[in-house]
Amino acid sequence: MNLKDIDWQAGFDKGVVGMRWALRGLDKLKCLDFIAPLLLRLYLVPVLWMAGSKKFANFSDTAAWFGDDQWGLGLPLPYLLVFLVALIEVLGSVFLLIGFGVRLISLPLMIVMAVAGVLVHLKNGWLAIATGSGLLATDRTIGAVERLEQAKSILQQYGNYDWLTENGAFVVLNNGVEFAATYFIMLLVLFFIGAGRYVSIDYWLAAKYSEE
């Protein structure tokens, strides 16, 4: 068949019609659109709760790290900052769980994630867990993996390696910006779309007061 004999316009028109039918079918799934913000909220709840409650449980040590300008962050008013950050994280986890004030609480949570990402994690690169290859690998993570292999070799030779790795493999925590950036993006989505329909106090409050 000669390419000139093909009716390109007719094929394009059929493709457009097929796309429209597909989009109409996908539109029928909008009744389930509450699932996405609900899952974002539920994913973030334990992350924020553990971060905030851990700061309260280790308040003095965390404040020391916040304030020290040699081995810590060198921030002013460290005790106040630890209290505010921990409070925002704990309240944020509760608010996200029940779907109350989600757009409002997302803003200070995003600030916490952005500051943590810049001050704590950014210097380590992107990766949270060190890897020796790939686009995002750095000299730091490559060196970490080399040392990890040496540590594994020592443990295999002198330790019960099967028992040591029974509950998971050994890795090197690179502590990069990956997780902080991911949480920031998730919170940014919630900031714009809100808590979602049905399974949130925000939805029912809006439904009640919009009718009055």
Side-chain angles (χ1 to χ4, degrees), residues 1-51 88-89 91-118 121-122 124-138 141 169 171 174-212:
M1 177 184 293
N2 194 313
L3 290 178
K4 294 181 179 180
D5 297 332
I6 299 176
D7 190 343
W8 294 104
Q9 185 61 46
F12 178 79
D13 291 342
K14 290 180 180 179
V16 170
V17 171
M19 181 64 70
R20 286 176 178 172
W21 277 101
L23 291 175
R24 288 173 184 169
L26 292 175
D27 284 343
K28 295 180 180 179
L29 296 177
K30 287 184 177 180
C31 62
L32 302 176
D33 61 3
F34 69 94
I35 294 177
L38 173 62
L39 292 180
L40 285 177
R41 286 162 40 207
L42 294 180
Y43 185 98
L44 288 167
V45 165
V47 174
L48 296 171
W49 177 264
M50 288 188 291
I88 289 170
E89 290 172 335
L91 287 179
S93 67
V94 175
F95 282 20
L96 292 182
L97 178 63
I98 63 179
F100 175 71
V102 167
R103 297 187 67 192
L104 292 175
I105 197 63
S106 293
L107 187 57
L109 286 171
M110 282 191 291
I111 294 174
V112 169
M113 294 302 167
V115 173
V118 172
H121 305 288
L122 188 60
N124 299 329
W126 174 261
L127 295 171
I129 304 298
T131 181
S133 61
L135 180 64
L136 299 174
T138 63
T141 61
V171 298
N174 183 56
N175 208 25
V177 75
E178 180 179 0
F179 289 158
T182 301
Y183 301 149
F184 179 90
I185 293 170
M186 295 171 72
L187 289 163
L188 182 64
V189 172
L190 289 173
F191 175 75
F192 283 112
I193 69 174
R197 298 189 295 164
Y198 308 134
V199 195
S200 69
I201 293 177
D202 285 348
Y203 171 78
W204 294 109
L205 286 175
K208 174 179 174 58
Y209 289 105
S210 63
E211 295 173 355
E212 297 180 355

Scanning both residues in full, the closest heavy-atom pair of Ile88 with Ile105 reads O-CD1, 4.5 Å
Test side chain to side chain contact (heavy atoms under 4.5 Å, CB included) on Asn174 and Ile129; report intermediate values, then the result. CA-CA 5 Å; Asn174 183 56; Ile129 304 298; 6.0 Å; no
Within this structure, what is the CD1-CG distance for the pair Ile193 and Leu190, rounded to the nearest 0.5 Å? 5.5 Å
Mind telling me whether Tyr203 and Tyr198 have parallel, tilted or perpendicular rings, with 30° and 60° as the class edges? perpendicular
Take a 6.0 Å sphere around CZ of Phe100 and say whether it holds more than 12 heavy atoms from other residues, nucleotides or ligands. no
Taking the side chain as every heavy atom from C-beta outward, state whether Met186 and Thr182 have any atom pair closer than 4.5 Å. yes
Exercise: identify the closest heavy-atom pair between Gly196 and Pro37: CA-CG, 3.5 Å
Could you check Val177 against Asn124 for side chain to side chain contact (heavy atoms under 4.5 Å, CB included), going step by step and ending with a plain yes or no? CA-CA 7 Å; Val177 75; Asn124 299 329; over 6 Å; no
If you round to the nearest 0.5 Å, how far is CG of Leu91 from CG of Leu109? 9.0 Å
Of all heavy-atom pairs between Trp126 and Leu136, which one has the smallest distance, and what is that distance? CD1-CD1, 3.1 Å
I need the full list of salt bridge (charged side-chain N to carboxylate O under 4.0 Å, His left out) pairs touching residues 189-202, with sequence neighbours left out, sorted by first then second residue. Asp33-Arg197
Can you see which heavy atom on Leu187 is nearest to which on Met110, and at what distance? CB-CG, 3.6 Å
Interatomic distance, CZ@Phe191 vs CG@Leu188, rounded to 0.5 Å, equals 8.0 Å
Shortest non-hydrogen pair, Val102 vs Arg41, comes out as CG2-CD, 4.3 Å
What's the separation between atom OG in Ser106 and atom CD1 in Ile111, rounded to the nearest 0.5 Å? 11.0 Å
For Ala137, does its backbone N or O pair with a side-chain atom of Thr131 as donor and acceptor, under 3.5 Å? no
Ser200 and Gly99: which non-hydrogen atoms are nearest, and at how many Å? CB-O, 3.6 Å
In Å, rounded to the nearest 0.5 Å, how long is the span from OH of Tyr43 to CG of Leu38? 15.0 Å
